[in-house]
Amino acid sequence: MTDDQQAGGGAEPAPRKGADARSPEADGKARNDPPRADEGKAEGDEGAAGNDAPEEGDVKKDQGKKQEEERERAAGRFKEHTRDPLAEEQGEDGTTDLAAASRARRATRMLFDTGRDLNSFDRSYFQSAHIGDIHLRMDARHSGAGMRSGPVPDEELRRLRRVHVEPQGYVQLRNALGARRLLVLGAAPGTGRTSTALSLLDEVTGPAADATGTEPGARPRVRRVDPDGGVRKLAGSLAGEGEEARRGTGYLLELSLTGPGALPPDEMDLDGLAAALARCESYAVVVVTVGSAANPLLAGRYGKLCPPAPTQELLTTRLRERLEEHAAAPDGEVRLEDLLAGAEELAVRQDVKDAVGLKDLRPAEAELLASLLAAHQLGEVSRDELLAGCRSLAADQAQEWFAGVDRALTAPPAEPEGGAGRPGTAALFHPVAFRIALAVLGGASHSAVATAAHLLTWELSVQCDPDHTPARPLFCDDPVADLALSRAELTDGRLEVAGTEVPARLIWYRGSALPSAVLTEIWDRHFPVRAPIVRWLRLLADDPRPQVWMRAAVAAGELCARDFDHGYAELIRPLAEAATPRRRIFAATTLDQAAGHASHRKAVRKLVDDWSRYGTKALRWTAAMALGYGNAADTTEDALDALARIGVRDDGEQLAVASFNAVRLLALPDGAKVLRRMADWTHHKRAEYQDLGLVTTVRLAVTSVDEVLSDEPDSPLADRADWPLPLALAVSRPELVLPMADLMWSALNTARSKDVALDALESLLRSAVRGDGTEGTRPGLAALLPALATEENDRRRLDWLLRRMMNDPEDPLPDAQARSLWWLAVPPKERTGEEDSHG
């Protein structure tokens, strides 16, 4: 017997075949409709008449009490099945974070949906080529190796005068250098800081009289200085040689302060160098990388920050330089302008911008892009080659960020210190850890990314030197340096905390291609880093904030798409079998993200199908969550078949997760198929399927659009994110109104689901007006209520429910709102006037 049969109800929910076909027997009126006052009085009279047979009355009373207790137990079990999948972690009646997690997933997927090849961050290996007289360098970031010390060639200075683009505040930098003869210039690598330093030195030392060259044997005016000796060595060399030999010379010194044990010069060292420069009337620019180590230098009297040059001016200058040599037409100047205009127009085309994927270009990147655009304008580079070269920009930046980071740590120390761990691992790994954290959590709060970066710094340090506990600096963070070194930006936004939106500072990469490029670089080129990355992602899976764990799950899916064998063994399978629901949702989201790639879709679908059939309880639960995304089965029917297998197994132990994911499929275009299957379940001969249909129906009524919204940007539900899903569907897809009303009617007229269905209907009614008094979901209710209340018994139930809401001591419904809701349910042609007479 089913629980309804034991409680005096029918074995099967009454089918609804339409408003005209219903009868009082089908309605189940005697056991389902809320009692009226006159009915209660009649029952009381019957009870009084039964006093002549007390024993028989006591027996009936005991039977009725037992039936009522069993009905309450059945209703309690039913209510348990309608809980959210995360409820066991966050409290029985508390709100869960599924809506916030869904929003975080949609935002994160946008970061990796850049329209690239098989994998959204497919790397191009088009490194360099000679095309005509143009040499395209895909690795255009020039290394300083081989040019560490010695004079700067005059040819380089002449070209610099021609193409250098002055950054904002360039005049102030020149004035500061002229006044103090020493300038400490701070900026991130690759931003043009060296070019700016050379340009400053070229100006203050006075350009040569003949711009085309210098006299043979002329003394070089600008020199690079070997950084190994530092500031003290340069000051000593100026004092040790004749002042005349050094008079009027400009010195460029690039200091590296990121290596283990590297110490910045103090203010006294800088004062000594400035005095030596003044004696020989020379100048020096010390270039340093922004960060905690350089902060004392940049905060002193000699320090200045060097802003990057504007992107558009950089690109235009480089384009003009490339095209000048190839404008061979008789009206060369006009021809040059035509070529330049065409190249600039090409640069702003959407496919080119998407391929570049960077908001700001650095000098080397502008030079490379200009070469590609110019070559394409001249017919020497095809469109495919152009786009491939553009895609290499972000990949090259990522390669530069991570290449040889720990080389200094892995080299044998010159003077071993017994028992001492390698110094500076945290400071060395923090910048790269921050870049990885930003690639994974882009769009989250700055504090969340910074915290995750410190966790990863620890994991990287331990992996590099497992025999020693790394130090954890507490006051070394420099948010400005983190942004500069990672090409990131802060924006004002909002985050959801415990169901409430709060203002927050969000952080992003300045370029859509950088997150993918960073993940590709660390996963494909640096295999030893996979172990600490995996441990770190598992830690993020336990973070209670949806903005963290959901973003990490999406990024993990992208990593698994690069190497599914490794990702499955290290991330997906262990988390899919975890004890906590959040870890299993993490695994399901990772699977779905991998299934978004055509190369992995078949494997993921076979895996999920096997789990739904033969998996353990935890694996079946994870499979259900993966099915709800809509990518883990060949068709919607296959997904519903798998969810039914999971939901009815083991006496409906996993009804909650199966029903929730069936509702998630309603947000997809195949919503009508889902409703038909729900109706089949509801009227199935087996009670397990009936329960699945009823639970899914109630779940539909209490689910908001935000919790299930698909990734389609043109979804008709997107404008109603805070609406209950059935009301949003009623407005956006009117053809679904009658199927939803029939399902809801069945839930309201079945004993075990009646109570929770009434509560769900109440929540729908209360959504008509928002808390601030503005109109909420009235259009949806206007579409759904008339189909739900077509008979007198249905309207009596609605009337009773509205009165209960009006008499609610905690949140009474205003009379005007109750009347308004009643008139939404009763069409004008069916109004008799009796409603007005009774209020």
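Remember, predicted model here, so these are calculated numbers, not experimental data.
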Task: Results of salt bridge (charged side-chain N to carboxylate O under 4.0 Å, His left out) for Lys353 - residues two or more places apart only - done: none
TODO: Measure across Tyr283 and Leu177 and return the closest heavy-atom pair with its distance rounded to 0.1 Å.
DONE: CD2-O, 3.7 Å
Open item on the list: Keeping Arg530 on the side-chain end and Trp523 on the backbone end, is there a donor-acceptor pair under 3.5 Å?
Closed with: yes
- [ ] Evaluate the side-chain proximity of Leu346 to Arg349: yes if any heavy-atom separation is below 4.5 Å, no if none is.
- [x] yes
Task: Leu441/Ile507 under side-chain contact (heavy atoms from CB on, under 4.5 Å): CA gap, chis, key distance, verdict - done: CA-CA 9 Å; Leu441 304 180; Ile507 186 169; over 6 Å; no
TODO: Would you please test Ser512 and Asp354 for side-chain contact (heavy atoms from CB on, under 4.5 Å) and show each step?
DONE: CA-CA 8 Å; Ser512 59; Asp354 290 342; 5.7 Å; no
Task: Test item: Thr457 side-chain N/O and Ala453 main-chain N/O as donor-acceptor pair under 3.5 Å - done: yes
Task: Minimum heavy-atom distance between Ala484 and Ala188, given as atom pair plus value - done: O-CB, 3.3 Å
Open item on the list: Can you classify the ring geometry of His597 versus His600 as parallel (below 30°), tilted (30 to 60°) or perpendicular (above 60°)?
Closed with: perpendicular
Open item on the list: Is the shortest side-chain heavy-atom distance between Leu483 and Leu490 below 4.5 Å?
Closed with: yes
TODO: Mind running salt bridge (Lys or Arg N to Asp or Glu O under 4.0 Å) on Lys233 and Asp226 for me, showing each step along the way?
DONE: CA-CA 9 Å; Lys233 183 176 180 180; Asp226 189 341; 5.2 Å; no
Task: Side-chain donor or acceptor of Arg161 paired with backbone N/O of Glu203 under 3.5 Å - done: no
Task: Reported OH-to-CG distance for the pair Tyr170 and Leu200, which is rounded to 0.5 angstrom - done: 4.0 Å
- [ ] May I ask you to decide if Ser282's main-chain N or O and Thr249's side chain share a donor-acceptor pair within less than 3.5 Å?
- [x] no
Task: Minimal non-hydrogen separation, Leu315 against Ala366, with atom names - done: CD1-O, 3.9 Å
Task: Nearest-0.5 Å distance that lies between atom CG in Asp271 and atom CZ in Arg180 - done: 10.5 Å
Task: Polar side-chain atom of Ser392 near backbone of Gly389 as donor-acceptor pair, under 3.5 Å - done: yes
TODO: State, to 0.1 Å, how close Leu387 and Asp351 come at their nearest heavy-atom pair, and which atoms those are.
DONE: CD2-O, 3.8 Å
- [ ] Answer yes or no: are there more than 12 heavy-atom neighbours, outside Glu345 itself, under 6.0 Å from its atom CD?
- [x] no
Open item on the list: For Ser516 and Glu558: C-alpha separation, side-chain torsions, deciding distance, then whether side chain to side chain donor-acceptor pair (under 3.5 Å) applies.
Closed with: CA-CA 8 Å; Ser516 301; Glu558 290 295 306; 5.6 Å; no
TODO: Answer yes when Glu367 and Arg362 have at least one side-chain N-carboxylate O distance shorter than 4.0 Å, and no when they do not.
DONE: no
Open item on the list: Is the shortest side-chain heavy-atom distance between Pro189 and Leu485 below 4.5 Å?
Closed with: yes
TODO: Examine distances only and state if a side-chain atom of Ser237 and a backbone atom of Leu234 form a donor-acceptor pair shorter than 3.5 Å.
DONE: yes
Task: Side-chain heavy-atom pair Leu255, Pro265 within 4.5 angstrom cut-off - done: yes
- [ ] Over all heavy atoms of both residues, which pair between Leu386 and Leu372 is shortest? Give the atoms and the distance, please.
- [x] CD1-CB, 3.7 Å
- [ ] Find the distance between CG (Leu358) and CG (Leu369) and round it off to the nearest 0.5 Å.
- [x] 9.5 Å
- [ ] Would you please test Asp202 and His164 for side-chain contact (heavy atoms from CB on, under 4.5 Å) and show each step?
- [x] CA-CA 12 Å; Asp202 183 48; His164 181 256; over 6 Å; no
Open item on the list: Please report the interatomic distance CZ(Arg435) to OH(Tyr509), rounded to the nearest 0.5 Å.
Closed with: 7.5 Å
Open item on the list: Keeping Arg318 on the side-chain end and Ser371 on the backbone end, is there a donor-acceptor pair under 3.5 Å?
Closed with: no
Task: Glu380 with Arg322: basic N within carboxylate O range, under 4.0 Å - done: no
Open item on the list: Test your reading of the model: is there a side-chain donor-acceptor pair from Arg193 to the backbone of Cys306, 3.5 Å cut-off?
Closed with: no
Open item on the list: With a 4.0 Å cut-off on N to O distance, would you call Arg487 and Asp360 a salt bridge?
Closed with: no
TODO: May I ask you to check whether over 12 heavy atoms, not counting those of Glu155, lie within 6.0 Å of atom CD?
DONE: no
- [ ] Side-chain contact test, heavy atoms from C-beta onward, threshold under 4.5 Å: evaluate it for Leu252 versus Val152 and give yes or no.
- [x] no
- [ ] Could you please spell out the steps behind the side-chain contact (heavy atoms from CB on, under 4.5 Å) verdict for Phe429 and Val405?
- [x] CA-CA 8 Å; Phe429 287 129; Val405 170; 4.3 Å; yes
- [ ] State, yes or no, whether a side-chain contact exists between Leu378 and Leu339 at a heavy-atom distance under 4.5 Å.
- [x] yes
Open item on the list: For Arg232, I'd like to know if atom CZ has over 12 heavy atoms of other residues, nucleotides or ligands within 6.0 Å.
Closed with: no
TODO: Find the distance between CG (Leu319) and CG (Leu314) and round it off to the nearest 0.5 Å.
DONE: 11.0 Å
Task: Interatomic spacing from CG in Leu559 to OG1 in Thr520 - rounded to 0.5 Å - done: 8.5 Å
Task: Pro153 backbone acceptor or donor facing Glu156 side chain under 3.5 Å - done: no
Task: Contact check, side chains of Leu198 and Arg224, non-hydrogen atoms, under 4.5 Å - done: yes
Open item on the list: Tell me whether the count of non-hydrogen atoms from other residues, nucleotides or ligands lying under 6.0 Å of CD in Glu267 goes above 12.
Closed with: yes
Task: Validation row: Arg279, Leu238 side chains within 4.5 angstrom (heavy atoms) - done: no
Open item on the list: Testing the basics here: between Leu297 and Pro264, what is the closest heavy-atom pair and its distance to 0.1 Å?
Closed with: CD1-CB, 4.1 Å
